[in-house]
Amino acid sequence: MKALCSGKERKNIVAVRAGERLLDLSEPLTADTVLEPVTKDSPEGLDILRHSAAHIMAQAVVELYGPDVKVAIGPATEDGFYYDFDRKEPFSPDDFAAIEARMQEIVAAALPFSRETLSVAEARKFFQDKGQPYKVELLDGIEAETVSIYRQGDFADLCRGPHIVNSSLLQAFKLMRIAGAYWRGDEKRPMLQRLYGTAFFDAKELKKYLHHLEEAKKRDHRKLGRELELFTISDLVGPGLILWQPKGALARRLIEDYWKDEHYRNGYELLYTPHIAKRDMWATSGHLDFYAENMFSPMEVEDVTYQLKPMNCPFHIAIYKTSKRSYREFPIRWCELGTVYRFERTGSLQGLMRVRGFTQDDAHIFCLPEQLEEEIFNIIDLNLLILQTFGFTEYDIYLSTRPEKYVGSDENWQKATEALKMALEKKGLQYRVDPGEGVFYGPKIDIKIKDVLGRAWQCSTIQVDFNLPERFQLAYTAEDSRDHQPIMIHRALMGSLERFFGVLIEHYAGAFPLWMAPVQAKVLNITDAQLDYVDRVYQQLRQAGVRVEKDSRNEKLNYKIREAQLAKIPYMVIVGDKEKDTETVTVRLRDGKNLEPMSVSDFAEMIRKESRIR
RNA sequence: GCUCACGUAGCUCAGUAGGUAGAGCACUUCCUUGGUAAGGAAGAGGUCACCGGUUCGAUCCCGGUCGUGAGCUCCA
């Protein structure tokens with residue numbers, strides 16, 4: 001080790017890496033091991049600290065609340081750590097101070113983390129004697145011959161490691177929240193109490209992280225949605241059902257207009273379809289068998305049962321079936337901003353991100369097998385273009401394969417999965433496989449964009465489907481003048497307009513780019529002497545197609561500016577006597593800067609130019 | 001759906017050891033006519049989420065329902 005680095009660097013080392021494995025610094029070395037240091041500033045180093053913090057928290061909890069607290073698991077997470085406990089009495093945030101204080105004592109004691117290797121049988125006896133059934137159950141699932149336990153002070157935990165050398169390295173930590181969590185993530189098993197915390201090597205980092213959380217909170221789309229009057233959710237209407245207020249509705253219209261234009265350019269035709277359909281149709285499509293738990297309850301109308309739509313595909317299929325199709329028509333690209341309803345459990349609803357009624361920017365492409373690859377390419381290109389237009393350039397791509405419950409033959413699934421995979425690879429796009437996460441009728445490519453809170457939101461989805469065409473017996477006449485079955489691609493790029501808008505609000509903190517800002521400019525007068533001029537400027541801008549408001553209230557300019565600023569309006573158009581006399585306006589930008597006075601028509605032209613999307 | 005927490009005026013929040021409530025902002029009216037982030041005054045506004053229970057009496061205590069938040073589970 002000494003040979004590896006200088007003394008200063010050594011202080012910075014948390015663990016070492018030997019090939020794939022991470023090892024404690026206390027690990028005995030063999031001559032032939034090649035070691036690589038894991039430092040404090042590496043992601044692995046931080047993970048090790050946080051994992052150790054989880055152990056220290058568990059130790060504190062056991063010491064404070066007695067050995068009848070059962071410990072489950074406690075890993076590091078993306079932004080901290082947690083530990084799951086089974087305890088009769090609920091933890092409350094009031095307990096945090098005591099647990100943190102106890103943790104501080106453990107840190108101050110600089111307890112070494114020591115590793116012991118035991119056989120599985122020995123370990124089982126050890127945890128049985130300690131009265132820790134969750135640990136025993138974990139051991140039941142371990143196939144290796146030996147396991148390791150880590151001790152610090154009197155606390156011992158089943159753990160692969162590695163850990164920090166001793167508890168004094170935990171310099172900056174904070175308990176964050178309490179939540180319920182099912183043992184092993186299974187809702188049929190006991191609900192445990194999960195304590196979340198976060199930890200860093202130094203206090204500055206912790207402070208920075210907490211500050212980041214504060215900033216993220218300011219961008220919360222639910223808060224901004226209310227403040228900017230974009231959308232609301234009403235008890236009168238019901239949970240998970242979005243009401244778009246005028247400003248939000250206008251932004252949505254701009255998004256939809258752009259979407260429609262872009263689709264027209266890319267060879268799509270627009271459809272409209274109804275919100276309900278006969279139950280029989282949902283039986284044919286397989287939704288009743290495979291998607292019923294997500295559907296709203298059926299309704300009877302004149303002895304026929306109908307059901308709200310959770311997807312648009314069967315409606316597009318019905319349109320497909322209106323005439324005999326020829327291969328010469330292909331590819332058929334049909335798109336629709338289709339509003340669907342899905343039953344979501346109350347506990348999972350969240351603002352615009354998770355709702356019960358939402359509009360998909362859906363499309364279905366019917367094509368020949370030999371057109372499949374190119375169509376997928378086209379979709380990916382259009383997809384990335386649209387995301388880019390909205391300012392999203394960072395995303396994770398997933399390839400989701402066949403789920404447990406599915407329709408269709410294995411052969412079809414394999415063909416479809418292969419097609420998606422080939423497309424991603426030929427495009428040179430990095431992706432991860434999400435096994436078993438496909439839809440019941442086909443595999444899919446999902447693109448998840450990240451919001452400021454670091455949450456990844458699934459928006460885009462591209463699905464290849466050989467199965468619904470079969471179920472609905474879709475056909476086209478091929479060159480051989482015989483009937484063949486078309487392939488169907490389902491895709492949504494923004495995914496849900498609601499969710500996408502939510503991500504947009506957080507992405508821009510409500511300060512939308514000019515082209516999609518519901519209000520682009522607000523005309524503010526200084527005194528009543530300019531009332532007539534305010535009106536003229538307002539009318540002229542409105543005629544020129546600028547989305548403009550005016551504030552001619554009897555208030556001070558400061559006050560009007562403050563309001564417009566809080567409303568995140570891109571341009572404030574200020575008119576006083578000076579402007580009135582010269583037939584000009586003074587423009588103030590969102591960032592506080594002022595432009596030179598200009599004519600109203602020049603300003604309108606400036607807005608027109610800047611609002612161009614591409 | 002599950003666990004925990006929360007639910008007071010449009011918004012943000014006080015408050016009552018159980019005796020039917022208060023601030024700031026917003027709103028209305030009046031005064032003020034003021035050049036780049038809150039001028040002043042007055043007024044209106046709440047069956048303290050809803051339903052039951054305990055009590056002489058409940059916004060406050062207890063139970064249930066609904067809703068919200070953080071997670072779990074599930075997903076666009």
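Each chain gets a letter, A, B and so on, in the order its sequence line appears, and its residues count up from 1. These figures come from a predicted structure and were not determined experimentally.
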Within 45° of the six-membered ring axis of A:Phe91 and under 6.0 Å from that ring's centre, is NZ or CZ of A:Arg87 located there?
yes
Checking N1-N3 plus N6-O4 or O6-N4 for Watson-Crick, or N1-O2 and O6-N3 for wobble, each under 3.5 Å, the partner of B:C74 is none
- Is the CD atom of A:Glu89 crowded by more than 12 outside heavy atoms at less than 6.0 Å? yes
Can you find a donor-acceptor pair, distance only, under 3.5 Å between A:Arg345 side chain and B:U73 base? yes
If pairing means Watson-Crick or G-U wobble with both distances under 3.5 Å, then the partner of B:G45 is none
- prompt: Under 4.0 angstrom, heavy atoms only, what part of the nucleic acid is A:Gln458 near: base, sugar-phosphate, or nothing?
  reply: sugar-phosphate
Review point. Side-chain donor or acceptor of A:Asn594 under 3.5 Å from a matching atom on the base of B:U36?
Key: yes
* Please confirm whether any donor atom in the side chain of A:Gln193 sits under 3.5 Å from an acceptor in the base of B:G71, or the reverse. => no
Looking for any heavy atom pair under 4.0 Å, which part of the strands does A:Gly576 touch: base, sugar-phosphate only, or nothing?
base
Original post:
For the rings on A:His490 and A:Tyr441, is their centre-to-centre separation under 6.0 Å?
Top reply: yes
Review point. Roughly how far apart, to the nearest Å, are B:U65 and B:A26 at atom P?
Key: 40 Å
Next on the checklist: Using a 4.0 Å heavy-atom cut-off, does A:Val340 contact any base of the nucleic acid, only the sugar-phosphate backbone, or nothing at all?
Outcome noted: nothing
The residue, A:Asp577 or A:Glu293, whose nearest nucleotide of RNA chain B is more 5′ is A:Asp577
Between B:G53 and B:G15, how far apart are the two C1' atoms, rounded to whole Å?
25 Å
For B:G19, the nucleotide meeting Watson-Crick or G-U wobble distances (both under 3.5 Å) is B:C56
The Watson-Crick or G-U wobble partner of B:C30, with both key distances under 3.5 Å, is B:G40
When rounded to the nearest Å, what value does the distance between C1' atoms of B:A41 and B:A49 take? 35 Å
Taking the same atom, P, in B:G43 and in B:C48, what whole-Å distance lies between them?
24 Å
Testing B:G1, B:A76, B:G34 for proximity to the side chain of A:Arg354, the answer is B:A76
query: Could one point to a donor on the side chain of A:Arg562 or the base of B:A38 with an acceptor on the other under 3.5 Å away?
result: yes
| Under 30°, 30 to 60°, or over 60°: which ring-plane class applies to A:His287 and A:Trp282, parallel, tilted or perpendicular? | perpendicular
Report task. Check whether the side chain of A:Tyr559 and the base of B:G34 form a donor-acceptor pair under 3.5 Å. Result -> no
Mate of B:G24 across any strand shown (Watson-Crick or G-U wobble, both atom pairs under 3.5 Å) is B:C11
key: Touch class at under 4.0 angstrom, heavy-atom based, for A:Lys444 against every strand present   = sugar-phosphate
Using Watson-Crick geometry (N1-N3 plus N6-O4 or O6-N4) or G-U wobble (N1-O2, O6-N3), each under 3.5 Å, B:C6 is paired with B:G67
| request: Quote, to the nearest angstrom, the P distance that separates B:G24 from B:A76. | output: 49 Å
Is A:Thr586 touching bases, backbone alone, or none of the nucleic acid, heavy atoms closer than 4.0 Å?
base
Testing B:G69, B:G35, B:A37 for proximity to the side chain of A:Arg222, the answer is B:G69
Between A:Glu498 and the options A:Arg252, A:Arg354, A:Arg342, the salt bridge (Lys or Arg N to Asp or Glu O under 4.0 Å) test singles out A:Arg252
Open item on the list: Heavy atoms only, 4.0 Å cut-off, all strands: where does A:Arg189 land among base, sugar-phosphate and nothing?
Closed with: nothing
Testing B:A76, B:G71, B:U73 for proximity to the side chain of A:Ala179, the answer is B:G71
Whole-Å distance, A:Lys522 NZ to B:G35 P, equals 20 Å
**Message:** What contact category does A:Asn558 fall into here, base, sugar-phosphate, or nothing, at under 4.0 angstrom with non-hydrogen atoms?
**Reply:** sugar-phosphate
Requested in this report: Can you check whether any acceptor in the base of B:A26 is under 3.5 Å from a donor in the side chain of A:Glu563, or vice versa?
Outcome: no
Separation of B:A37 atom C1' from A:Leu566 atom CG, nearest Å, is 7 Å
